[in-house]
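Every heavy atom of this structure was used, including side-chain atoms; hydrogens, water molecules and symmetry mates were not.
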Amino acid sequence: MKVSNTLTGQKEEFRPKGKTVSIYVCGVTVYDDCHIGHAMSYVLFDVIRRYLEFKGYKVKHVQNFTDIDDKIINRANQLGVSSSELAEKYIDEYFRDMDALNIKRVHVYPKATEEIPKIIEVIQGLITKGFAYESEGSAYFRVKNFPGYGKLSHQALDDMISRGSAEEGKKEYPLDFALWKAAKPGEPFWPSPWGQGRPGWHIECSAMALKYLGKSLDIHGGGQDLIFPHHENELTQSESFTGVAPFAKYWLHNGLLQLGEDKMSKSLGNLITVKQALERYSADAIRLFIIGSHYRSPLTYSEETLKAAEVGMERLRQATGNGGGSGGKDVLGSEPFRHRFVDSMDDDFNTAQAVAVLFDLAREINRAREENYDVTSALNTLTELAGVLGFTLEEPKKPPLETGPFIGLLSELSHEFRRAPRHDLKVEQLIQLLIETREKSRKAKQWQLADMVRQRLIELGVALEDTPKGTVWKRTL
RNA sequence: GGCGGCGUAGCCAAGUGGUUAAGGCGGGGGUCUGCAAAACCCCUAUACAGCGGUUCAACUCCGCUCGCCGCCUCCA
């Protein structure tokens, strides 16, 4: 199995340090709803986690919540709530959205505000070792003391220097970054050896990763926008504190979601939230959209592509929804598909290729089923492999149908029903009655009436399909 | 300016130094059907931004040009 590693810039053989693969993924700053760009990252790492487990690895997956920072404070002030209330609300929303996308819960979700002692311990250690210094109640990392600074983002200090910010002269060197920020009046704070304040952004991830996964982890992930400065600084702090390198063996970064010309981001305000997307498309379709291209490439959001994903997903669902045809004349084997799937995923999680295998398998199943093969085991394989990519293959949930219109239609068609309309019937039973009514018309070759029933049902959100085994119905998209 | 990436059919998107350049959507034709729908079958890139170079052979390696994007400031 090979993975692309941002640290080395190479595709490398994946050799985890032990039996359990440790993964740390940077989570969200909780001050607003998640958008599809976030979904892209978390769907990806969900697939990676699922695939590693499929391969037989044990996985320990940690993802933080940044629940204290400037944006949270500002937003909370605007809304007149406390930072922690705001953070709690959006943590709940995060879980709602990601659960809806069928993203497995990771094993530990640490929060910055609950890890202050560990954070202070790390900062204290860095100061003791001379890697950091206190200045006016804040603490900064002394970048010049870490020779490898820039090794993740592949930048040389000299090239970055002109861009650093002086930050009111509190820093020794422009590129030094904050480990601890002194509290301004009215801001939430925690006590520390340097005074009241709160952790800087990067330090929380170091502290949590070290606490929950140890000094050296297997996979560290996040969006490409985190490479610099966040991950660079995180790496710098962690290796300085522990003296152990690498802090993370494999750094995996996903490309960013674009919306039209620009990347989707909170600061640009051009975003589609996960909730908005889920109103229009099934979770499976959204996942297919994300997974349909390579994770390191940027992806552009478009309704057209999402719709294509929805239609494609429907075909996959269809293939699994039509039964196994057991007792057939021969059995359809699926091993070649499984191998292709594994080969694809082994090559730096080539999900686009893995998805293609699913479609090929679905076609083969459909074909074989028509020829009366037993496709039970192939169906199991399809469902299993789809599951590795996090597809449920379930019908998208739709709001329940109202019985009223169906009762109305039945009354229109049936004298009997008009005389004694039965309101105790479930909508499924009503639809079944309508299908039977139409069946009578068809037998009598009253095509106009039969087609009218079909048309009216479509208007009510129910599509009929006349199969050799009888008429079946399903909800329209 | 520095670092990284991209440019493949109408759209999305894999991929390979040399047999037929995946897959999805869309489109066309057909089977089935009273008609539909669904499903299935067939077709839909002599071509991979442009120009050079390396090679027996490049879309795939190298160089350059053009175009696009991300990061270098908070951001998945």
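A salt bridge does not link A:Arg317 to A:Glu395: none of the charged side-chain nitrogens sits closer than 4.0 Å to a carboxylate oxygen. Salt-bridge check for A:Glu364 with A:Arg369: failed, with every basic side-chain N at 4.0 Å or more from each acidic carboxylate O.
Legend: residues meeting side chain to side chain contact (heavy atoms under 4.5 Å, CB included) with A:Glu93, ordered by chain and number and at least two apart, are A:Asp33, A:Lys89, A:Tyr90, A:Arg96, A:Lys275. Checked against side chain to side chain donor-acceptor pair (under 3.5 Å), A:Asp99 has the following partners two or more places apart in sequence or in another chain: A:Arg105. Listed by chain and residue number, A:Gln63 satisfy the side chain to side chain donor-acceptor pair (under 3.5 Å) test with A:Tyr94 (two or more places apart in sequence, or in another chain). Evaluation of the salt bridge (charged side-chain N to carboxylate O under 4.0 Å, His left out) rule for A:Glu439 yields A:Arg442 as partners, not counting sequence neighbours. With sequence neighbours left out, the salt bridge (charged side-chain N to carboxylate O under 4.0 Å, His left out) criterion links A:Asp70 to A:Lys181, A:Arg198. Among residues two or more places apart in sequence or in another chain, the side chain to side chain donor-acceptor pair (under 3.5 Å) test is passed with A:Asp67 by A:Thr113. Residues passing the side chain to side chain donor-acceptor pair (under 3.5 Å) test with A:Thr351, sequence neighbours excluded: none. Not counting sequence neighbours, the partners of A:Glu335 by the salt bridge (charged side-chain N to carboxylate O under 4.0 Å, His left out) test are A:Arg338.
Atom CD in A:Glu232 sits roughly 21 Å away from atom P in B:G70 (whole-Å rounding). A straight line from CG of A:Leu358 to P of B:A14 spans 17 Å, rounded to a whole angstrom. The nearest whole Å value for the distance from the CG atom in A:Asp97 to the C1' atom in B:A76 is 14 Å. When the C1' atom of B:C71 is taken as reference, atom NZ of A:Lys151 falls 20 Å away, rounded to whole Å. Taking atom CD1 on A:Ile290 and atom P on B:A13, their separation rounds to 14 Å, with Å as the unit. Between A:Gln448 atom CD and B:G34 atom P there is a gap of 18 Å when expressed in whole angstrom units. The distance from atom NZ of A:Lys445 to atom P of B:G34 is 8 Å, rounded to the nearest whole Å. In this structure, CG of A:Leu449 is placed 18 Å from P of B:G34, rounded to the nearest angstrom.
B:A21 and B:G4 have their P atoms separated by 34 Å, with the value rounded to a whole Å. Rounded to a whole angstrom, the distance from the P atom of B:A47 to that of B:C59 is 11 Å. The gap from the P atom of B:G67 to that of B:G50 amounts to 15 Å, rounded to the nearest Å. Annotation: B:G28 and B:U33 have their P atoms spaced 23 Å apart (nearest Å). Atom name C1', nucleotides B:C51 and B:C56: the rounded distance is 23 Å, in whole Å. Distance check on atom C1': B:A39 versus B:A58 gives 41 Å, rounded to whole Å. For B:G7 and B:U16, the P atoms lie 13 Å apart once the distance is rounded to whole Å. When the P atom is compared between B:C71 and B:G63, the two are found 26 Å apart, to the nearest whole Å.
Under the 30°/60° scheme for interplanar angles, the aromatic rings of A:Tyr149 and A:Phe228 are found to stand perpendicular. Relative ring orientation between A:Phe141 and A:Phe177 is described as parallel, the plane-to-plane angle staying below 30° on a 0-90° scale split at 30° and 60°. In this pair, A:Phe341 and A:Phe54 present their aromatic rings perpendicular. The plane angle is above 60°, beyond the 30 to 60° band.
Heavy atoms of A:Asn366 sit under 4.0 angstrom from primed sugar atoms or phosphate atoms, though from no base atom. Contacts of A:Phe289 with the nucleic acid, taken as non-hydrogen atoms under 4.0 Å apart, are absent. Counting any heavy atom pair closer than 4.0 Å across all strands shown, A:His294 reaches sugar-phosphate atoms only and no base atom. Counting any heavy atom pair closer than 4.0 Å across all strands shown, A:Arg438 reaches a base atom. Contacts of A:Gly150 with the nucleic acid, taken as non-hydrogen atoms under 4.0 Å apart, are absent.
Within the structure, salt bridge (charged side-chain N to carboxylate O under 4.0 Å, His left out) contacts touching residues 281-296 of chain A (residues at least two apart or in different chains) are A:Asp46-A:Arg287.
Partner assigned to B:C40 is B:G30, using Watson-Crick or G-U wobble distances below 3.5 angstrom. Nucleotide B:G67 forms a pair with B:C6, judged by Watson-Crick or G-U wobble geometry with both contacts under 3.5 Å. Pair assignment for B:A21: none, as no Watson-Crick or G-U wobble contacts are both less than 3.5 Å. Nucleotide B:U60 is matched to nothing when pairs are restricted to Watson-Crick or G-U wobble geometry with both distances under 3.5 angstrom.
At the phosphate of B:C41, OP1 or OP2 sits under 4.0 Å from a side-chain N or O atom of A:Arg367.
Between the side chain of A:Asn350 and the base of B:G15, no donor-acceptor pair under 3.5 Å is found.
Closest to the side chain of A:Thr305, out of B:A38, B:C12, B:A14, is B:C12. The nucleotide whose nearest atom lies closest to any side-chain atom of A:Gln258 is, among B:A13, B:C69, B:C41, B:C69. With distances taken from any side-chain atom of A:Arg442 to the nucleotides B:A38, B:A76, B:G34, the minimum falls on B:G34. Comparing B:A76, B:A38, B:U73 by their closest approach to the side chain of A:Pro229 singles out B:U73. For A:Met40, the listed nucleotide lying nearest its side chain is B:A76; candidates were B:C74, B:A76, B:C40.
Residues of residues 454-473 of chain A having a heavy atom closer than 4.0 Å to RNA chain B, listed by number: A:Arg454, A:Leu464, A:Glu465, A:Asp466.
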Legend entry - Where protein sits on nucleotides 21-31 of chain B, one letter per nucleotide: B base, S sugar-phosphate only, - none, heavy atoms under 4.0 Å: -BSSS------
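Less than 6.0 angstrom separates the ring centroid of A:Phe95 from the ring centroid of A:Tyr109.
Nearest-nucleotide mapping onto RNA chain B: of A:Tyr42 and A:Ala450, the residue sitting toward the 5' end is A:Ala450.
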With 3.5 Å as the limit, what N/O pairs link the protein to nucleotides 2-4 of chain B?
| unit_1 | atom_1 | unit_2 | atom_2 | d |
| --- | --- | --- | --- | --- |
| B:G2 | O2' | A:Asp159 | OD2 | 3.2 |
| B:G2 | N2 | A:Gln155 | NE2 | 2.8 |
| B:C3 | O2' | A:Ser153 | O | 3.2 |
| B:C3 | O2' | A:His154 | O | 3.4 |

